[in-house]
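Inspection log for the structure reproduced underneath, given as structure tokens.
Naming convention: chains lettered A, B, ... in sequence-line order (proteins, then strands); numbering from 1 in each chain.
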Amino acid sequence: MSNPLSQLRAECRRLLEEALKGLYPDIELPEDRLSRPPTIEMGELSSSLCLQLGPRIGLNPIDLAKRVAKEINAASKRLVASAEEKNGYINFQADIRNFSKLVLEAATGDEEYGFLKTDSPERVMVEHTSANPIRPLHIGTARNSVLGDALARIQRKRGHSVEVHFYVDDMGRQVATATYGWRLLGKPEPSGRADEWFGEIYAIVNVLKEVKRLKRELEEAKERGDDERVWRINRELDKYASAANELRERSPLFDELNERMKSEPDPEVGIMKLNTEYERGVPEAKRDVRRLVEYCVRGFEEVLGELDIRFDFWDYEGDLVWSGAVEEAIEALRRTPYTSYEDGALILDCEAVARALGLKERWGINPSYEIPRLVLMRADGTTLYTPRDIAYSIQKFNRVDRVINVIGCDQSLAQLQLRIALAAMGRLELADRQIHYAYEFVRLPEVKMSGRLGRYVTLRELLERAVSLAYEEVSKRSPNLTEDEMRNIARRVGHGAVKYTLLSLDPMKVVVFDWNKALNFEMNSAPFIQYSHARACNILKRAPSRPEPDYSLLKDARERELVLLIAQFPEVFLEACESLRPSEISSYANILADRFNAFYAALPVIKAEPPGLAGARLMLVDSVRIVLRNALSVLGIEAPERM
RNA sequence: GGGCCCGUAGCCGAGCUUGGAUAAGGCACCGGCCUCCGGAGCCGGAGAACAUGGGUUCGAGUCCCAUCGGGCCCGCCA
């Protein structure tokens with residue numbers, strides 16, 4: 001397992017130290033992360049050490065740098081060829097032969113090049129997606145899935161033992177609403193995609209129910225002559241009426257549900273009753289709700305499976321309640337000094353916990369911020385979402401050492417309260433080892449996406465469009481492929497494009513969804529990187545032989561740039577892993593593909609003369625191939641050899 | 001009202017964790033490139049008071065404070 005750039009770094013560092021200590025024996029050397037100079041012509045690595053040290057020892061930084069460079073050039077070196085002062089920096093030029101040999105042999109000698117293994121493997125859990133079952137997966141939840149999947153893959157490649165969990169939210173009113181509607185219809189088998197079919201039922205019932213409620217409130221407001229309220233309710237009503245129209249047009253279930261709900265006295269009450277029965281474990285409620293949820297969950301499994309995103313466990317919230325785990329957690333909290341009863345409900349004073357245990361300081365929370373209290377149990381004894389999640393967290397740590405929860409940033413407070421509850425129970429160490437990996441939402445250009453109103457671009461729709469677009473391209477560009485091959489490549493390219501688009505953005509930035517951007521197959525996209533990979537494969541396939549490489553001939557700036565980039569990959573992987581940022585890898589892969597294309601256009605490989613140069617360039621191409629493939633694979637994106 | 005996050009060319013966006021040289025790319029726009037390994041490509045051009053105002057520093061897109069604009073949260077919802 002090699003990290004060639006770290007070897008170059010170590011040598012530069014040693015040369016710097018020796019030179020400085022030789023000149024100024026008493027000098028103290030600060031940390032200096034050698035960085036890359038602006039252009040490769042200036043060298044492979046550079047140090048700004050003299051800029052820092054110069055003023056400290058009363059010397060012009062440029063003079064100091066010049067002296068140090070001179071010392072370094074006189075010393076004996078292996079990977080470094082020379083050092084040069086420029087603007088107070090010391091720029092190191094790598095020894096082309098030794099460094100290229102080291103890098104290219106490391107990359108081509110290891111199919112797993114770049115995936116540096118940890119010395120201390122841990123058990124890591126990634127919980128991701130965990131979308132509400134009655135809402136089909138859409139482009140917003142896809143961001144969660146793709147990020148979670150990439151994080152899990154990265155941790156796994158790092159050598160941790162990773163398990164991926166989906167938390168199935170079967171307890172909510174939303175699921176009860178869908179089940180209520182399904183029962184009204186006489187519980188027919190779903191037609192078509194189960195998750196989308198139930199999603200429609202949910203949206204329809206919800207919208208009809210809200211319309212009914214608003215109409216009633218409107219009458220009351222009119223009677224009271226509350227004009228402002230009448231106006232507000234009318235506005236709300238408009239919103240639901242237009243959503244109802246959209247649903248009526250889209251779904252054949254609308255009219256039937258509308259008809260049946262008319263004879264229902266109060267759907268709200270029916271839904272609440274079902275919800276309570278489910279929590280208590282009443283057999284009929286359990287049977288119907290579970291069946292519906294399992295249909296939906298299988299739908300999720302299928303779409304995500306298409307994207308090669310898989311889960312090791314599907315954890316049902318209901319099971320936590322029925323097993324007594326939730327009750328146990330609440331009971332443990334009740335025995336702490338931080339809870340009290342208010343109107344019969346059990347309350348956790350989060351602010352008191354934070355103060356008593358110094359949590360604000362520990363977790364960098366603004367000291368003047370007063371953390372809102374958390375209701376642990378309703379007056380009627382039924383449970384709530386966050387307390388159930390507390391019980392879930394405790395269970396998680398029975399299995400693993402570290403937890404990454406990929407959950408929308410709207411859950412930040414709930415996730416904080418959860419960790420505070422863990423701390424209150426004396427499990428501070430668990431709270432510290434649980435990360436809320438937050439991400440922002442994907443918005444549609446005009447309206448906000450809303451499952452409640454049935455407004456979303458489903459993930460399936462997105463994937464289908466991406467794949468069909470990719471198919472068009474493939475059939476145009478590679479008409480000699482068989483139908484099967486074209487379909488297969490279109491799938492990998494289309495899915496790659498969607499994943500890359502979601503991964504390459506900063507998770508904390510709000511995304512406005514745009515078909516053109518999501519289906520961009522040009523620069524800075526998965527297809528662009530995949531295409532570069534296919535080109536590399538093609539050269540290797542066409543090369544009649546592999547001449548003995550003469551690495552000293554890789555003198556062109558484009559070649560040096562590629563060698564350096566390849567050397568960098570292990571560090572990029574490590575950084576992406578430690579900082580939990582898959583976009584490090586996607587942007588790196590894009591740059592590597594970009595530079596490879598420049599190299600490809602300018603310099604011949606197979607026909608390069610002399611043969612030693614052809615051999616060295618073939619090693620370079622093979623290294624690029626391996627690194628591009630590995631970078632994509634750790635993001636969950638495939639790299640076809642042809643496209 | 002309080003808290004968290006975001007604000008970089010017409011548009012999209014990297015860089016901010018760990019301050020350092022000329023602020024990367026892409027789209028759109030303009031001009032070139034298939035006698036040579038795949039044009040989903042390459043080369044060149046034009047386009048930026050890094051939201052605003054202070055501060056720290058030899059040095060700030062990056063750190064600190066304030067202001068403005070946008071998103072999210074502050075439920076006995078999930």
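Cation-pi geometry between A/Arg535 and A/Tyr600 is satisfied (NZ or CZ under 6.0 Å from the ring centre, within 45° of the ring normal).
OP1 or OP2 of B/rC76 has at least one side-chain nitrogen or oxygen of A/Arg373 nearer than 4.0 Å. For B/rC42, neither phosphate oxygen OP1 nor OP2 lies less than 4.0 angstrom from any side-chain nitrogen or oxygen of A/Arg558. At B/rG38, one or more side-chain N or O atoms of A/Asn538 fall inside 4.0 Å of OP1 or OP2 (strictly under the cut-off). Using a 4.0 Å cut-off, some side-chain N or O of A/Tyr600 falls inside it from OP1 or OP2 of B/rG38.
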note = The contact string for nucleotides 6-19 of chain B, one letter per nucleotide 5' to 3', using protein heavy atoms under 4.0 Å with B, S and - for base, sugar-phosphate only and none, comes out as SS----SSS--BB-
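Of the charged side-chain nitrogens involved, none lies within less than 4.0 Å of a carboxylate oxygen, so that A/Glu561 and A/Arg558 do not count as a salt-bridged pair. Contact check on A/Glu485 versus A/Arg642 returns a salt bridge, with a Lys/Arg side-chain nitrogen under 4.0 Å from an Asp/Glu carboxylate oxygen. The pair A/Arg617-A/Glu559 meets the salt-bridge criterion, with a side-chain N (NZ, NE, NH1 or NH2) lying under 4.0 Å from an Asp/Glu carboxylate O. Salt-bridge formation is detected for the pair A/Arg373/A/Glu342: a Lys NZ or Arg NE/NH1/NH2 atom is positioned less than 4.0 Å from an Asp or Glu carboxylate oxygen.
Regarding the sugar-base torsion, B/rC4 falls in the anti class, its angle being beyond 90° of 0.
Between B/rG55 and B/rG1, the distance separating the two C1' atoms is 28 Å to the nearest Å.
With hydrogens and angles ignored, the 3.5 Å screen pairs no side-chain donor or acceptor of A/Arg135 with any backbone N or O of A/Gly199.
Whole-Å rounding puts the A/Arg443 CZ to B/rC72 C1' distance at 9 Å. In this entry the distance linking CG of A/Leu413 with C1' of B/rC5 reads 14 Å, nearest Å. Taking atom CD of A/Gln415 as the reference point, atom C1' of B/rA78 lies 13 Å away to the nearest angstrom.
Closest approach to the A/Cys409 side chain among B/rC72, B/rG38, B/rA21 is made by B/rC72 (side chain taken as heavy atoms from C-beta onward). In this structure, of B/rA78, B/rG71, B/rG41, it is B/rG71 that holds the atom nearest to the side chain of A/Glu440. Closest approach to the A/Arg595 side chain among B/rG71, B/rA24, B/rG38 is made by B/rA24 (side chain taken as heavy atoms from C-beta onward).
Nucleic acid contact class of A/Met171 (heavy atoms, under 4.0 Å, all strands): none. A/Val605 comes within 4.0 angstrom of a nucleotide base, judged by non-hydrogen atoms across all strands. Heavy atoms of A/Met377 sit nowhere under 4.0 angstrom from any nucleic acid atom.
With hydrogens and angles left out, the side chain of A/Asn91 and the base of B/rA21 share a donor-acceptor pair within 3.5 Å.
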